[in-house]
Amino acid sequence: MSSRVALVSSERGLRVDPDLPLAAPALREAGFAVDCVRWDDPAVDWSGCDLAVVRSCWDYAWRRAEFLAWADAVPRLRNDAAVLRWNTDKTHLRDVAAAGLPVVPTVWDPAGTADLPDAEEWVVKPSVSAGARDTARWTDTGDVLAHVAQLTAAGRTAMVQPYQASVDDAGETALLFLGGRFSHAARKPPMLGRGEGVRQDRSGRRGVRPAPATPEQRDLAQAVVDAAAVLVPGAAPLLYARIDLVADAAGRPVVLEVELTEPNLFLPHAPAEALPRLVRAVGDAIAA
Ligand SMILES: Nc1ncnc2c1ncn2[C@@H]1O[C@H](COP(=O)(O)OP(=O)(O)O)[C@@H](O)[C@H]1O
Ligand SMILES: [Mg+2]
């Protein structure tokens, strides 16, 4: 009997996730029985899946506790619940920095101007978020602190970072790992417009292009993937990972985001080898 694989999405993800229409047929062709399902669909029999693969569960950001409780209850989940618990709150970037890896400088819940990182422009974001929701860039410290106050009043942790000017020209480089190994890279355009304030309707996928990754970028991203395995005790090997890097003022790569939960894999922009790699990684995870 063929192994059952659930590709786990959300109401919106099932409609617009660009990876599912490529991943599902590739897995079926390889002999897996594949269902694309919502994580919050009570009709799904998770114990009947040989592997449930978290993909476009984009609504976890405002339902995190419910999402993690669901993850705890799914027997064979990748990435697994321990990884999701660690990764769905960007406070994990402290662990990554503490492991000696370069991360965009971040101040957490600043109380006043004196706490802000030295910069001419800042980004404010909540520690639990996806798709640049509740995220904005500001040139005025009053706006920065007002945004922080709004997030903390809602019980959220606020992050303030210097706006990395390189993003405006070079964008972000997203490095995709499948089965723990580098697969491909893509360039993401800037998401935050100056003076735009907080917007909820940004689409991160517009303007994504395949891009080469430099050896320096690959080494850093691999080091982050390797560190994650140590930073999350008891975690199952990562089925997928996306490490988003930007260049700092000196042009060196630094980590902007570690996406081990529901990274868009940019499969429509990936080289032909990416799909077979994904299929192999799924097979290996089932066999493990
Ligand atoms: N410090 C920063 N400098 C420049 N751009 C940033 C910075 N932080 C976030 N951004 C922009 O905001 C987007 C969303 O932020 P990110 O940290 O990736 O969180 P998420 O993707 O989970 O919403 C990024 O893709 C990037 O375009
Ligand atoms: Mg991001």
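All residue numbers refer to positions in the sequence shown, counting from 1. When a ligand or atom number is given, it counts from 1 through the structure's own listing order.
Considering both main-chain and side-chain atoms, V123 never comes within under 3.5 Å of ligand 1 through any nitrogen or oxygen pair. Among the atoms of T135, none of the N or O lies under 3.5 angstrom from an N or O of ligand 1. Below 3.5 Å of separation, one finds no N or O of P189 facing any N or O of ligand 1. For P162, a nitrogen or oxygen atom sits less than 3.5 Å from a nitrogen or oxygen atom of ligand 1, counting backbone and side chain alike. Geometrically, ligand 1 and V167 share no nitrogen or oxygen pair separated by less than 3.5 Å. For ligand 1, the polar-atom distance check against Q164 finds a nitrogen or oxygen pair separated by under 3.5 Å.
Annotation for ligand 1: atoms under 4.0 Å from non-hydrogen atoms of G131 are 20 (P), 21 (O), 23 (O). Near A130, meaning under 4.0 Å from any of its heavy atoms, are these atoms of ligand 1: 22 (O), 23 (O).
Taking a cutoff of 4.0 Å between a charged side-chain nitrogen and a carboxylate oxygen, D72 and R85 qualify as a salt bridge. A salt bridge links R4 with D35; the closest basic N to acidic carboxylate O contact falls under 4.0 Å. No salt bridge links D59 with R64; every basic N to acidic carboxylate O contact stays at or beyond 4.0 Å. A salt bridge between R78 and D80 is absent, with no side-chain N of the basic residue lying under 4.0 Å from a carboxylate O of the acidic one. A salt bridge links E257 to K90: at least one charged side-chain nitrogen sits closer than 4.0 Å to a carboxylate oxygen.
Residue R137 does not touch ligand 1, judged by heavy-atom distances below 4.0 Å.
Atom-to-atom distance recorded for S129:OG and R156:CZ is 6.0 Å, nearest 0.5 angstrom.
For L256, the closest heavy-atom approach to ligand 1 falls below 4.0 Å.
Through direct or indirect side-chain contacts shorter than 4.5 Å among Ile, Leu, Val, Met, Phe, Trp and Tyr, W62 is connected to no other residue.
Looking at D89 and S127, their side chains do bring a donor and an acceptor atom within 3.5 Å of each other.
The side chain to side chain contact (heavy atoms under 4.5 Å, CB included) with M159 is formed by just one residue from the set T91, V104, L93; it is L93. V54 pairs with exactly one of L84, L7, V83, N79 by the side chain to side chain contact (heavy atoms under 4.5 Å, CB included) rule, that one being L84.
The closest non-hydrogen atom to atom 24 (C) of ligand 1, taken over Q161, K90, E172, comes from E172. Scanning E257, R133, K125 for the heavy atom closest to atom 17 (O) of ligand 1 points to K125. Comparing heavy-atom distances from atom 14 (C) of ligand 1 across A174, G171, P105, A132 singles out A132 as nearest. Summarising the contacts of atom 11 (C) of ligand 1 with L192, V255, T106, the nearest heavy atom is found in L192.
Side-chain contact between Q161 and L256: present, with at least one pair of heavy atoms (C-beta onward) separated by less than 4.5 Å. Put simply, the side chain of T139 does not reach to within 4.5 Å of the side chain of W122, judged on heavy atoms. By the 4.5 Å heavy-atom criterion applied to side chains, I243 and L220 are not counted as neighbours.
Distance from atom 5 (N) of ligand 1 to its nearest protein heavy atom, with residue and atom name: Y163 CE1, 3.4 Å.
Neighbouring protein atoms of the Mg ion (ligand 2) (N, O or S, distance under 2.8 Å, waters ignored): E257 OE1.
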